[in-house]
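Atoms considered below: every heavy atom in the structure, side chains included; atoms not considered: hydrogens, waters and symmetry mates.
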Amino acid sequence: QVQLVESGGGLVQAGGSLRLSCAASGRTFSSYAMGWFRQAPGKEREFVAAVSWSGGNTYYADSVHGRFTISSDNVKNTVYLQMNDLKPEDTAVYYCAQAPTRVLRPAWGLQSNYYTSWGQGTQVTVSS
């Protein structure tokens, strides 16, 4: 079992940037794909971004494509989410999660119920 701990959330003005980190321990980090999800109050958890175990394939929700970048450092056992040009609608609790496979396919690898391990979340608030 892997333990995931997110950090880097906070309050930022619209147009600003934040970098979220997700540190993993336990289960071999580099052998599995990783994802970021978010959940705003009163809404369902939604996919944000994902990266394959090698880092060679990345996937993004349309709402964040071009603004957010996911990356992983297998030496540090950490996955990052660089968020630029933040908007008030990006306000949510952000969660990182580990998939049960090394690779992902958009048809089945970007839904929250596919992921087996989750962090506790970090709050991101974007003011207008």
Side-chain angles (χ1 to χ4, degrees):
Q1 189 71 17
V2 67
Q3 289 76 46
L4 303 174
V5 179
E6 302 96 334
S7 61
L11 174 65
V12 64
Q13 289 187 333
S17 298
L18 284 174
R19 189 176 80 155
L20 305 184
S21 299
C22 174
S25 61
R27 191 184 190 195
T28 306
F29 172 81
S30 60
S31 296
Y32 301 93
M34 298 291 294
W36 284 96
F37 292 78
R38 67 187 182 187
Q39 188 167 18
K43 295 188 177 181
E44 294 187 354
R45 190 170 298 187
E46 66 174 2
F47 168 76
V48 175
V51 60
S52 63
W53 71 280
S54 66
N57 295 97
T58 56
Y59 307 87
Y60 297 95
D62 289 343
S63 59
V64 307
H65 197 277
R67 300 187 297 123
F68 292 10
T69 303
I70 188 172
S71 61
S72 60
D73 185 332
N74 291 341
V75 174
K76 295 182 178 180
N77 287 348
T78 301
V79 63
Y80 303 98
L81 185 68
Q82 177 66 43
M83 306 186 295
N84 298 328
D85 189 24
L86 283 160
K87 304 176 180 181
E89 52 264 41
D90 295 317
T91 295
V93 177
Y94 284 71
Y95 300 89
C96 72
Q98 187 180 65
T101 56
R102 291 187 172 191
V103 297
L104 299 170
R105 294 291 182 267
W108 46 260
L110 307 185
Q111 293 78 34
S112 61
N113 58 9
Y114 184 72
Y115 291 73
T116 54
S117 297
W118 292 84
Q120 82 290 348
T122 186
Q123 176 70 48
V124 172
T125 303
V126 184
S127 63
S128 58

Show every salt bridge (Lys or Arg N to Asp or Glu O under 4.0 Å) that has at least one partner inside residues 37-52, sequence neighbours left out.
R38-E46, R38-D90
When hydrophobic residues are tied together by side-chain contacts of less than 4.5 Å, even through go-betweens, does [X] share a cluster with [Y]?
X: Y94; Y: V2; answer: yes
X: F68; Y: Y80; answer: no
X: I70; Y: Y59; answer: no

Donor-acceptor contacts under 3.5 Å from residues 11-21 side chains, at least two apart:
unit_1, atom_1, unit_2, atom_2, d
S17, OG, N84, OD1, 3.0

Set out, in order, the CA-CA distance, both residues' side-chain angles and the distance that settles side-chain contact (heavy atoms from CB on, under 4.5 Å) for T101 and W53, then state yes or no.
CA-CA 8 Å; T101 56; W53 71 280; over 6 Å; no
Show which side-chain atoms of residues 121-128 pair as donor or acceptor with protein atoms under 3.5 Å away, not counting sequence neighbours.
unit_1, atom_1, unit_2, atom_2, d
T122, OG1, G9, N, 3.2
Q123, NE2, A92, O, 3.4
Q123, NE2, T125, OG1, 3.3

Would R105 and V103 count as a side-chain contact (heavy atoms from CB on, under 4.5 Å) here? Give the steps.
CA-CA 7 Å; R105 294 291 182 267; V103 297; 4.0 Å; yes
Decide yes or no for R102 and S31: does some side-chain heavy atom of the first lie under 4.5 Å from some side-chain heavy atom of the second?
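Yes, close enough: below the 4.5 Å cut-off.
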With ring centroids as reference points, do W108 and Y114 lie under 6.0 angstrom apart?
yes
Run the ring-centre check on Y115 versus F37 and record whether the distance is less than 6.0 Å.
yes
For the residue pair W118 and Y95, categorise the inter-ring angle as parallel (less than 30°), tilted (30 to 60°) or perpendicular (more than 60°).
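Perpendicular, since the angle between the ring planes exceeds 60°.
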Using 0.5 Å steps for rounding, measure from the [atom1] atom of [X] to the [atom2] atom of [Y].
X: W36; Y: F47; atom1: CH2; atom2: CZ; answer: 12.5 Å
X: S72; Y: L81; atom1: OG; atom2: CG; answer: 12.0 Å
X: T58; Y: M34; atom1: OG1; atom2: CE; answer: 15.0 Å

Walk me through it: do Q120 and E6 pass the test side-chain contact (heavy atoms from CB on, under 4.5 Å)?
CA-CA 7 Å; Q120 82 290 348; E6 302 96 334; 2.9 Å; yes
Distance-minimising heavy-atom pair for A33 and L104:
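Scanning both residues completely, I find the closest heavy atoms to be CB-CG, 3.6 Å.
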Between G56 and S52, the two heavy atoms sitting closest are N-OG, 3.5 Å
